[in-house]
Amino acid sequence: VLHRAGALSEAIDTCEDLCIREPDEGRFVIELFRLYREQGDTQTGIDALQAFHSRNPTDIDVVSELGCALVKERELRQAKPFVETALAARPGDVDLLLAMADIREEQDRFAEAGELVDRAYSVDPSPNIKGRYIASLVTRYRYQEALDRIDEVLQEFPGAADEFLALRVYALTNVGRHDEALPILDKAVADYPHEPIRRFPR
């Protein structure tokens, strides 16, 4: 209630009190982490998760939250054992599958990362996950499949064209369809004349 009312600092203080009163209750420290992250102080939230984990190493909810949080902070080596442990317990968890895919991509193990993304997409074929799935197809050189999936998304969400511009152009270029890529880039440069990143691929 405090959070929804915009009283974030007060919500954090209240949650910290709960964590002190119930030091073995994982859901309170997870909520505390999320409140700190909302406040822009993710590291303090991670510190709280790690302190809880040192006392309660078998709490899978906290292990999962900690692993995913570390991945988002790009602390991938530190995250790996937490994500592996949580994923063994929850093999169908989409967040964990994508977190492990991030770790595998960092290791240049793109085929394994792609399999993890495929599994996540089979569980949750929502537009957000579909975007990640399309990016994974591109990293695996499956350009035509990526283009087909992009077309599907844009038929349903035509306003998402900008979000898929880079992937679409990259895939078109790699299948030799420069005549299709150039008009897309021409329009992007015209729409955003002061953004150099639109000009470089053109």
(request) Tell me yes or no: between the side chains of D41 and T44, is some donor less than 3.5 Å from an acceptor? (result) yes
(message) Could you list the cluster mates of Y141? Members are the ILVMFWY residues connected by side-chain heavy atoms closer than 4.5 Å, either directly or through other members.
(response) I134, V138, Y143, L147, I150, V153, L154, F157, F164, L165, L167, V169, Y170, L172, V175, I184, L185
(message) With heavy-atom distances below 4.5 Å as the criterion, would you say the side chains of L116 and L98 are in contact?
(response) no
(request) Identify the heavy atoms of G92 and V123 that sit nearest to each other, and give their distance. (result) O-CG1, 3.9 Å
(request) Flag the pair D17 and R21 as a salt bridge only when some basic side-chain nitrogen lies within less than 4.0 angstrom of an acidic carboxylate oxygen. (result) no
(message) Check this for me: K72, atom NZ, are more than 12 non-hydrogen atoms of other residues, nucleotides or ligands nearer than 6.0 Å?
(response) no
(message) Quick check for you: to the nearest 0.5 Å, what is the distance between D47 atom CG and Y36 atom OH?
(response) 9.5 Å
(message) For a salt bridge (charged side-chain N to carboxylate O under 4.0 Å, His left out) check, start with the C-alpha distance between D118 and R140, then their side-chain angles and the critical distance, and finish with the verdict.
(response) CA-CA 12 Å; D118 291 348; R140 288 179 280 169; 2.9 Å; yes
(message) More than 12 heavy atoms of other residues, nucleotides or ligands under 6.0 Å from CZ of R55: yes or no?
(response) yes
(message) Ignoring hydrogens, what is the shortest heavy-atom contact between A99 and C68? Give both atom names and the distance.
(response) CB-SG, 4.2 Å
(request) Ignoring hydrogens and angles, state whether a donor on the side chain of D124 or S126 is under 3.5 Å from an acceptor on the partner side chain. (result) yes
(request) Report yes if some heavy atom in the side chain of V94 is under 4.5 Å from a heavy atom in the side chain of I129; otherwise report no. (result) yes
(request) Before giving the answer on salt bridge (charged side-chain N to carboxylate O under 4.0 Å, His left out), spell out for E152 and R149 the whole-Å C-alpha distance, their side-chain angles and the decisive distance to 0.1 Å. (result) CA-CA 5 Å; E152 289 175 7; R149 300 293 84 75; 2.8 Å; yes
(message) With heavy-atom distances below 4.5 Å as the criterion, would you say the side chains of K80 and E84 are in contact?
(response) yes
(message) Do V71 and L66 sit in one hydrophobic cluster, given that two such residues count as connected whenever their side-chain heavy atoms are within less than 4.5 Å of each other, even indirectly?
(response) no
(request) Indicate, with yes or no, if L76 and F82 share a hydrophobic cluster defined by side-chain heavy-atom contacts under 4.5 Å among Ile, Leu, Val, Met, Phe, Trp and Tyr. (result) no
(message) For P91, is there any backbone N or O sitting under 3.5 Å from a side-chain donor or acceptor partner on R119?
(response) yes
(request) Mark yes when over 12 heavy atoms from residues, nucleotides or ligands other than E180 sit less than 6.0 Å from its CD; otherwise mark no. (result) yes
(message) For the CG atom of L32 and the CZ atom of R37, what is their distance to the nearest 0.5 Å?
(response) 12.0 Å
(message) For a quick test of reading the model, state the closest non-hydrogen atom pair linking A101 to R132 and the distance between them.
(response) CB-NH2, 3.5 Å
(request) Indicate yes or no: at least one non-hydrogen side-chain atom of E25 is less than 4.5 angstrom from one of C19. (result) no
(request) Could you tell me the separation between the NE2 atom of H3 and the OG1 atom of T14, rounded to the nearest 0.5 Å? (result) 12.5 Å
(message) I need the L70 CG to E65 CD distance, nearest 0.5 Å.
(response) 10.5 Å
(message) Please report the interatomic distance CG(L49) to OG(S64), rounded to the nearest 0.5 Å.
(response) 10.5 Å
(request) Say whether F110 and I103 are linked into one hydrophobic cluster, either directly or through other cluster members, by side-chain heavy-atom distances under 4.5 angstrom. (result) no
(message) Could you go through R34 and E38, starting from their C-alpha distance and side-chain angles, then the distance that decides it, and tell me whether this counts as salt bridge (charged side-chain N to carboxylate O under 4.0 Å, His left out)?
(response) CA-CA 6 Å; R34 293 175 180 175; E38 180 82 7; over 6 Å; no
(request) Walk me through it: do D186 and R202 pass the test salt bridge (charged side-chain N to carboxylate O under 4.0 Å, His left out)? (result) CA-CA 8 Å; D186 288 341; R202 183 177 180 280; 2.4 Å; yes
(request) Measure the shortest side-chain to side-chain distance between E106 and R74 over non-hydrogen atoms and say whether it is less than 4.5 angstrom. (result) yes
(message) Under 3.5 Å, is there a donor on one side chain and an acceptor on the other for Q144 and R177?
(response) yes
(request) Looking only at non-hydrogen atoms, find the nearest pair between A79 and G67 and report the distance. (result) CB-O, 3.6 Å
(request) Please check if L35 and F33 belong to a single hydrophobic cluster, counting links between Ile, Leu, Val, Met, Phe, Trp and Tyr side chain heavy atoms closer than 4.5 Å. (result) no
(message) Give me the atom names and distance for the closest heavy-atom approach of V83 to L96.
(response) CG1-O, 3.8 Å
(request) List, by chain and number, the other hydrophobic cluster members for L18, where Ile, Leu, Val, Met, Phe, Trp and Tyr join if side-chain heavy atoms come within less than 4.5 Å, directly or indirectly. (result) F28
(request) Determine whether D59 and H53 make a side-chain contact, defined as any pair of heavy atoms from C-beta on separated by less than 4.5 Å. (result) no
(message) For R27 and D61: C-alpha separation, side-chain torsions, deciding distance, then whether side-chain contact (heavy atoms from CB on, under 4.5 Å) applies.
(response) CA-CA 8 Å; R27 63 195 174 105; D61 289 337; over 6 Å; no
(request) Evaluate the criterion side-chain contact (heavy atoms from CB on, under 4.5 Å) for residue pair V62 and V29; output intermediate values, then yes/no. (result) CA-CA 8 Å; V62 172; V29 76; 3.9 Å; yes
(message) Within the supplied structure, the quantity of interest is the number of heavy atoms (other residues, nucleotides, ligands) at a distance under 6.0 Å from R109 CZ; does it exceed 12?
(response) yes
(request) Find the distance between CZ (R168) and OG1 (T173) and round it off to the nearest 0.5 Å. (result) 11.5 Å
(message) Within the structure provided, determine whether P193 and R199 are in side-chain contact (heavy-atom separation under 4.5 Å).
(response) yes
(message) Regarding Y133 and E145, do their side chains bring together a donor and an acceptor under 3.5 Å, going by distance alone?
(response) no
